[in-house]
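Here is the naming used below: chain letters follow the sequence lines, and residue numbers restart at 1 for every chain.
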Amino acid sequence: MAGSHQQGIKNAHFHSVGQSRSPLSPGEIAENLEEAELNERRPVRVRYAPSPTGFPHIGNIRTALFNWLFARHSGGKFILRIEDTDQERRVEGAVEAIMGSLRWLGLDWDEGPEVGGPYGPYFQSQRLSIYQEAAQRLVTEGKAYYCFCSPQRLQEMRDEQRRLGKPPGYDRHCRELSLEEQSFMDSQGIVPVVRFKMPLDGETRFHDNIWGDVTFENSTLDDFVLLKSDGYPTYHLANICDDHLMEVSHVMRAEEWLSSTPRHCLLYEALGWEHPEFAHLPMILGPDRSKLSKRHGATGLLEYKEMGYLPEALINFLALLGWSLDDRTELFDREALIKGFSLERIGKTGAIFNIEKLNWMNGAYIRQLTPADLADRALPYLEDARNGLSRPVGMKRPLDRDYLLKIIPLIQDRARTLGRTAQDEGLVQLAEFFFVDDLDYDPKLLLGKHLTAEQSRSYLGTAIKRLADLTDFGAATLEGLLRPLSAELGVKTGDFFGLLRTATTGRTAAPPLFQTMEVLGKERCFKRLKAATQKLAAVGP
RNA sequence: GGCGCAUUCGUCUAGCGGCCCAGGACACCUCCCUCUCAAGGAGGAGACCACCGGUUCGAAUCCGGUAUGCGCUACCA
């Protein structure tokens, strides 16, 4: 099977730029910049700005990936900023999960938590005064106002609007409050929020690098909240302030933000700032075409690590969800992805996350690994063989790496994940029988399609006898003995080898028999062959 | 309901007026290889390019409408 691995590499057609792992050369970056940034002289600075309200899922991470690819492609900076402005929904451990996810995929950030940077801090909760000052300034300039409406009033207002079939939105009740009215409310102890004073007419138009020109009537936009009563900013305010202060050049985020972009444009304008370029990424959908969520099954990125997907395979797969290089390239190494990535080739339609294709791709990546690398990556999964489908296997630990190294060539072409899969195509499942002491299988499997229990018993007995004299238990020797024996016994090789396969591996589908027996070793094979004859006794005639 | 956006094989997609009675990939089927299962190789099936009009010598590609879908419509991001 040594040749099979070579073949795997040869036929996988991995698209590579044919250079080492080093980043792009300055010349290449300049070239990329020229093609992508004709109108823009600003250095590229992009950011991934998740909120720690949960663990990052496939969709979030795809956004991170696109930002990272764009930054690396253009020699710009990739910033990680934590948007922790919602105190209520904050989830413990989320920040760690975010960083862990990025690190697992190798998406390194140039500025952000743990690495710092000249535009910090990178946690919005540590930048509150910035937002408060901005809100204050807008109020002073008459571009925003205090709103004292209670949550109850707002809720009733919305219910009423819904009942009347009118477009929902704040009714601007507090927009023109007099100073007296305001101080009265203050004296009542009501803490106001700050709302943006939306232009009542006109339209807001902006250019999106993916969607083209988009226009909104200002009259359809309401006076949204900038600063909450707890002193924290809303996403809109914080996002705008930080993107401006951190000199973000391109805002790349999910499509669901497209509708709030006019608000952001207006806010930039009110603050006297120029807005960055926008690029709204198409969404990742569940099989029912709705926004991917927990009810679609595994969505957390780290779950994919648990299941035994390779980070490079996941990156490749995710990159192809919404982006393509051309009409045929499917497999990219990291450098090829960086080199080929461009905003121009991002599509607009939501993409369904198709796990089948991921499985294929992961298999392709597994095949392309060196056996030693695969062994090292597989070891943790074998040691802790619980992932997903669970059921601990009866292996003695710690595992013998040298033994594993001999097994790898036999299962490398067959594995689709490093863990377990529902179709038994996970590496753990494929390797399992090499490690356990006692095989547990249905004795009937020994009979195959054409043999009786009696025949099986007899063939097995003969095989054991002949095998006993063997000093060399190599695959070639085994074949040299067993193939003629099959003829001698007058059994089809398919039936005979099938019998031996089940006896030695406990399954009907396994790697090639002779190599498998060689790796298993004489002692283990004998034990299993004898156990099989025992089992046969239980089947009857 | 309002606003915005989208619509090419089951799925991911190529296509930016003639090269397309639409190309690639996954999945599926057949065959080859073969001790089983994979991997690999060779084929196949699968899309009236959502629909209806228009522009044009010519449209999947441009324009309009319809339908459907999705997103947003919070003191959430």
Checklist line | Gap between atoms CZ and C1', on Phe206(A) and C5(B) respectively (whole Å) | finding: 10 Å
Measure all distances between protein nitrogen or oxygen atoms and nitrogen or oxygen atoms of nucleotides 60-68 of chain B, and list the pairs falling under 3.5 Å.
none

Check: For Asp373(A), which residues count as a side-chain contact (heavy atoms from CB on, under 4.5 Å) partner, sequence neighbours excluded?
Finding: Leu369(A), Thr370(A), Arg377(A)
Next item on the list: Have a look at Pro511(A) and say if it touches a base, only the backbone sugar-phosphate, or nothing, with a 4.0 Å heavy-atom cut-off.
Entry: base
Notebook entry, point to check: Does the side chain of Arg483(A) get closer than 4.0 angstrom to OP1 or OP2 of U34(B) through an N or O atom?
Noted result: no
Item checked: Proximity to the side chain of Pro512(A) - top-ranked nucleotide from C35(B), G4(B), G71(B) -> C35(B)
Margin query: Against the six-membered ring of Phe332(A), is Lys339(A) placed for a cation-pi contact (under 6.0 Å from the centre, within 45° of the normal)?
Written below: no
Next item on the list: Provide, to the nearest angstrom, the distance between the CD atom belonging to Gln423(A) and the C1' atom belonging to C37(B).
Entry: 14 Å
Check: G44(B) and C9(B): how far apart are their C1' atoms, nearest whole angstrom?
Finding: 14 Å
Check: Taking NZ from Lys492(A) and C1' from U34(B), how many angstroms apart are they, rounded to a whole number?
Finding: 15 Å
Checklist line | Watson-Crick or G-U wobble mate for C76(B), both contacts under 3.5 Å | finding: none
Margin query: Expressed as a whole number of angstroms, how long is the span from Leu445(A):CG to C35(B):P?
Written below: 21 Å
Next item on the list: Round to a whole Å and report the spacing from CG of Leu427(A) to C1' of A38(B).
Entry: 13 Å
Check: What string of B, S and - do you get for nucleotides 22-28 of chain B, 5' to 3', when a contact is any protein heavy atom under 4.0 Å?
Finding: -BBBSS-
Checklist line | Upstream residue (5' side of RNA chain B) when Gly494(A) and Trp211(A) are each assigned their closest nucleotide | finding: Trp211(A)
Checklist line | Nucleotide C37(B), atom P - distance to CZ of Arg414(A) in whole Å | finding: 10 Å
Notebook entry, point to check: Of all the choices, G40(B), A6(B), C12(B), which nucleotide is nearest to the side chain of Arg367(A) once you look at every atom?
Noted result: G40(B)
Check: According to the Watson-Crick and G-U wobble definitions, with both distances under 3.5 Å, which nucleotide is paired to A6(B)?
Finding: U68(B)
Next item on the list: Rounded to the nearest angstrom, tell me the gap between atom CD in Gln515(A) and atom C1' in U34(B).
Entry: 12 Å
Margin query: Protein within reach of the bases, or only the backbone? For nucleotides 72-77 of chain B, mark each nucleotide 5' to 3' as B, S or -, using heavy atoms under 4.0 Å.
Written below: SBSBBB
Notebook entry, point to check: What does Thr215(A) touch in the nucleic acid at a heavy-atom separation under 4.0 angstrom: a base, only the sugar-phosphate, or nothing?
Noted result: sugar-phosphate
Checklist line | Sequence-distant partners of Tyr48(A), ring-ring contact (aromatic ring centres under 6.0 Å, His included), two or more places apart | finding: none
What N/O pairs connect the protein and nucleotides 45-47 of chain B at under 3.5 Å? Give each pair on its own line.
none

Checklist line | Between C1' of G69(B) and CG of Leu285(A), the distance in whole Å | finding: 9 Å
Notebook entry, point to check: What is the base-pairing partner of U11(B), counting Watson-Crick and G-U wobble geometry with both distances under 3.5 Å?
Noted result: A25(B)
Checklist line | Complementary nucleotide for G53(B) - Watson-Crick or wobble, under 3.5 Å | finding: C63(B)
Next item on the list: Searching all strands shown, indicate the nucleotide that pairs with C20(B) (Watson-Crick or G-U wobble; both distances under 3.5 Å).
Entry: none
